[in-house]
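Since the structure comes first, as structure tokens, the remarks are kept for the end.
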Amino acid sequence: MVSWVQVLVIFLVIATCATIAFLVYRKSRKSATMQKAAVIAGLAYDYDLIAYLNEHKNTVTDILVSEKIRKIMDHINPSKPSNRRLDDLFKEIIHPDDFQQFLADVDRKRTMELLLTEPSYTVRFRAIFDGVIQQYQIKIARDLNKSYGFVIGIRNIDAEIRREEETKKLKKELQTTMMLANRDSLTEVGSVSAFHQKVFEWDSMILKHRNQPFAVVECDLNDLKKVNDALGHEAGNEYLKANCSVFCSIYKHSPVFRVGGDEFVILLVGEDFNNRAALMEELKNRISTEKEISSKRISFAVGMCEFDHDIDAGLQDTLKRADQLMYKHKRKLKENG
């Protein structure tokens, strides 16, 4: 038979175990809550407000509020419903010129339609804090557990906007620099660096046998030094531009490059390649027979070769053969001169 002392001991043991279990449970709950709060704070450190909108109850529950938002909220009538207080907050901080567009962007019907297919969406707006205009963003996300709730977050994106603008500026400057580097400043045709880039691109296609048929035309101006010495470098520049304009006017569908002081290379493709014989004849007919030194005189030697997979490993091999023909033409012009 169990004595009352044994019953008491058993009771005390059970009570002690229950108390320990309760304390452990409470500690674990507190730890979990602290961990949850830490996670929210860690993920949302750059947010000024995170709140839950219960569409069914038409209420707003704050999850995280920054100090500057708290100061504004403190001046909003606390007796108002929570959703109205949120509306008043937006009226306070959003730039007047952006407010109507903001209302249209976060319209309830629009929000629900968008969130049927997307987990969240964002809207940018300008906010005013202490008289300073700043770029802000609101993010609205679906409550994945309930169909009638939304989570919203607003945060300052001024730094991001500045980085975006700086990136765009740097990208534009880089494009401008590359454009200038790839264009000959005097004649405005492709530069020697642009030609080297074209050789690299073309050789990559040649290696894979994916290149279209092409030919290379090399032109070397005659008597540029004589023009410079007799008339000056300004006249020499005009001489270069006058001859270059002839190349561009005849080869309308092909890139022209200035690869040296008085040397030009033209990469014949497409229609110009198909009509290469007739265009070469037209080009040679433009060479002036006048011997008088002039900045407008058209005088150059020219050579053209078609790319041949059997003998050319790349574009430069075709250019070398065109170069040989160009010098042959230059000697002929001197002999006839």
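Nothing here was measured: the structure is a model prediction, and the numbers come from that model.
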Quiz prompt | Nearest-0.5 Å distance, CD1 of residue I94 to CG of residue L89 | solution = 8.0 Å
Quiz item: Just wondering, more than 12 heavy atoms not from Q212 lying within 6.0 Å of its CD?
Solution: yes
Practice problem: Classify the ring geometry between F102 and F99 as parallel (under 30°), tilted (30 to 60°) or perpendicular (over 60°). | Solution: parallel
Quiz prompt | Side chain proximity check, T61 to N54, heavy atoms < 4.5 angstrom | solution = no
Practice problem: Nearest 0.5 Å please: distance from the CZ atom of R142 over to the CZ atom of F150. | Solution: 10.0 Å
Quiz item: Just wondering, more than 12 heavy atoms not from R110 lying within 6.0 Å of its CZ?
Solution: yes
Quiz prompt | Candidates Q137, Q135, R155 - the one meeting side-chain hydrogen bond (donor to acceptor under 3.5 Å, both in side chains) with E160 | solution = R155
Practice problem: Please say whether more than 12 non-hydrogen atoms of neighbouring residues, nucleotides or ligands are located less than 6.0 Å from NZ in K68. | Solution: yes
Quiz prompt | Non-hydrogen side-chain atoms of Q324 and K328 separated by less than 4.5 Å | solution = no
Quiz item: Are V199 and V269 connected, step by step, through hydrophobic side chains (Ile, Leu, Val, Met, Phe, Trp, Tyr) whose heavy atoms are closer than 4.5 Å?
Solution: yes
Quiz item: Does the pair V217 and R276 meet the rule for a side chain to side chain contact (heavy atoms under 4.5 Å, CB included), with working shown?
Solution: CA-CA 10 Å; V217 173; R276 58 192 178 280; over 6 Å; no
Self-check item: CA sep, side-chain torsions, deciding dist, call: I138, F90, side chain to side chain contact (heavy atoms under 4.5 Å, CB included)
Solution: CA-CA 11 Å; I138 181 170; F90 286 131; 3.9 Å; yes
Practice problem: Answer yes or no: are there more than 12 heavy-atom neighbours, outside H233 itself, under 6.0 Å from its atom NE2? | Solution: no
Quiz prompt | Candidate pair V246 and C219, rule side chain to side chain contact (heavy atoms under 4.5 Å, CB included), full reasoning | solution = CA-CA 11 Å; V246 171; C219 300; over 6 Å; no
Quiz item: For N285, does the CG atom have more than 12 heavy-atom neighbours from other residues, nucleotides or ligands under 6.0 Å away?
Solution: yes
Exercise. Could you go through the salt bridge (charged side-chain N to carboxylate O under 4.0 Å, His left out) check for R84 and D87 one step at a time?
Key: CA-CA 5 Å; R84 296 301 180 192; D87 292 343; 3.6 Å; yes
Exercise. Please write out which residues are connected to L116 in a hydrophobic cluster, directly or through intermediates, given that two of Ile, Leu, Val, Met, Phe, Trp, Tyr count as joined at side-chain heavy-atom separations below 4.5 angstrom.
Key: none
Quiz item: Do the side chains of V302 and L319 join up, straight or via other hydrophobic residues, at under 4.5 Å, putting them in one cluster?
Solution: no
Quiz item: Is it true that the side chains of H329 and D220 contain a donor and an acceptor less than 3.5 Å apart?
Solution: no
Practice problem: State, yes or no, whether a side-chain contact exists between L49 and L86 at a heavy-atom distance under 4.5 Å. | Solution: yes
Practice problem: Taking the side chain as every heavy atom from C-beta outward, state whether E67 and K71 have any atom pair closer than 4.5 Å. | Solution: yes
Quiz item: Do the side chain of N77 and the main chain of S79 share a donor and acceptor less than 3.5 angstrom apart?
Solution: yes
Self-check item: Same apolar cluster (I L V M F W Y, side chains within < 4.5 Å links), V265/L224
Solution: no
Quiz item: For M326, which fellow cluster members are found when Ile, Leu, Val, Met, Phe, Trp and Tyr are connected by side-chain heavy-atom distances below 4.5 angstrom, either directly or through intermediates?
Solution: Y327
Quiz item: Any sub-3.5 Å donor-acceptor pair from Y239's side-chain atoms to S299's backbone N or O?
Solution: yes
Self-check item: Shortest non-hydrogen contact from R85 toward M73
Solution: NH2-O, 2.9 Å
Practice problem: Check whether any side-chain N or O of R126 sits under 3.5 Å from a backbone N or O of I133 as a donor-acceptor pair, and report yes or no. | Solution: no
Exercise. Look at the rings of F307 and F214 and say which category their plane angle falls in: under 30° parallel, 30 to 60° tilted, over 60° perpendicular.
Key: parallel
Exercise. Please report the C-alpha distance between L186 and R258 in whole Å, then the side-chain angles of each, then the deciding distance to 0.1 Å, and finally whether the side chain to side chain contact (heavy atoms under 4.5 Å, CB included) criterion is met.
Key: CA-CA 10 Å; L186 177 65; R258 184 185 176 194; 3.7 Å; yes
Quiz item: Which of these passes side-chain contact (heavy atoms from CB on, under 4.5 Å) with L221: V227, I298, L240?
Solution: L240
Quiz item: Salt bridge or not for D312 and R321, using N-O below 4.0 Å?
Solution: yes
Quiz prompt | Common cluster, L283/V259, ILVMFWY with side-chain heavy-atom separation under 4.5 Å | solution = no
Quiz item: Of all heavy-atom pairs between L267 and L315, which one has the smallest distance, and what is that distance?
Solution: CD1-CD1, 3.9 Å
Self-check item: Smallest separation among heavy atoms of D272 and S254, with atom names
Solution: OD2-OG, 2.8 Å
Self-check item: side-chain contact (heavy atoms from CB on, under 4.5 Å) partner of Y136, chosen from D98, D48, I93
Solution: D48
Quiz prompt | For the student: nearest non-hydrogen atoms of T111 and V106, plus distance | solution = OG1-O, 3.3 Å
Quiz item: Roughly how far, to the nearest 0.5 Å, is the CG atom of D88 from the NZ atom of K91?
Solution: 5.5 Å
Quiz item: Which heavy atom of F273 sits nearest a heavy atom of A215, and at what distance?
Solution: CD1-N, 3.6 Å
Exercise. Scan Y251, F300, F257, F247 and name whichever one has a ring pair (Phe, Tyr, Trp, His ring centres under 6.0 Å) with F264.
Key: F247
Quiz prompt | Heavy-atom side-chain proximity of L325 to E218 below 4.5 angstrom | solution = no
Quiz item: What is the distance from atom CG of D158 to atom CZ of R163, rounded to the nearest 0.5 Å?
Solution: 10.5 Å
Practice problem: Consider only side-chain heavy atoms of I, L, V, M, F, W and Y, link residues closer than 4.5 Å, and tell whether F200 and V192 are in one cluster. | Solution: no
Quiz item: OG/S66 to CD1/I50 distance, rounded to the nearest 0.5 angstrom?
Solution: 10.5 Å
Quiz prompt | Counterpart residues, side-chain hydrogen bond (donor to acceptor under 3.5 Å, both in side chains), relative to K241 (two or more places apart) | solution = E238
Quiz item: So, does S120 use its side chain to make a donor-acceptor pair with the main chain of A141 at under 3.5 Å?
Solution: no
Quiz item: Below 4.0 angstrom, N of the basic side chain to O of the carboxylate: do D223 and K226 qualify?
Solution: yes
Quiz item: Tell me, do P81 and T59 make a side-chain contact under 4.5 Å, heavy atoms counted?
Solution: no
Quiz item: Any sub-3.5 Å donor-acceptor pair from K208's side-chain atoms to M205's backbone N or O?
Solution: no
Exercise. Would you check if N222 and K334 make a side-chain contact, meaning some heavy-atom pair closer than 4.5 Å?
Key: no
Practice problem: Starting at CD of E306, measure out to CG of L268 and round the result to the nearest 0.5 Å. | Solution: 9.5 Å
Quiz item: Minimum heavy-atom separation for E290 to S288, with atom names?
Solution: N-OG, 3.1 Å
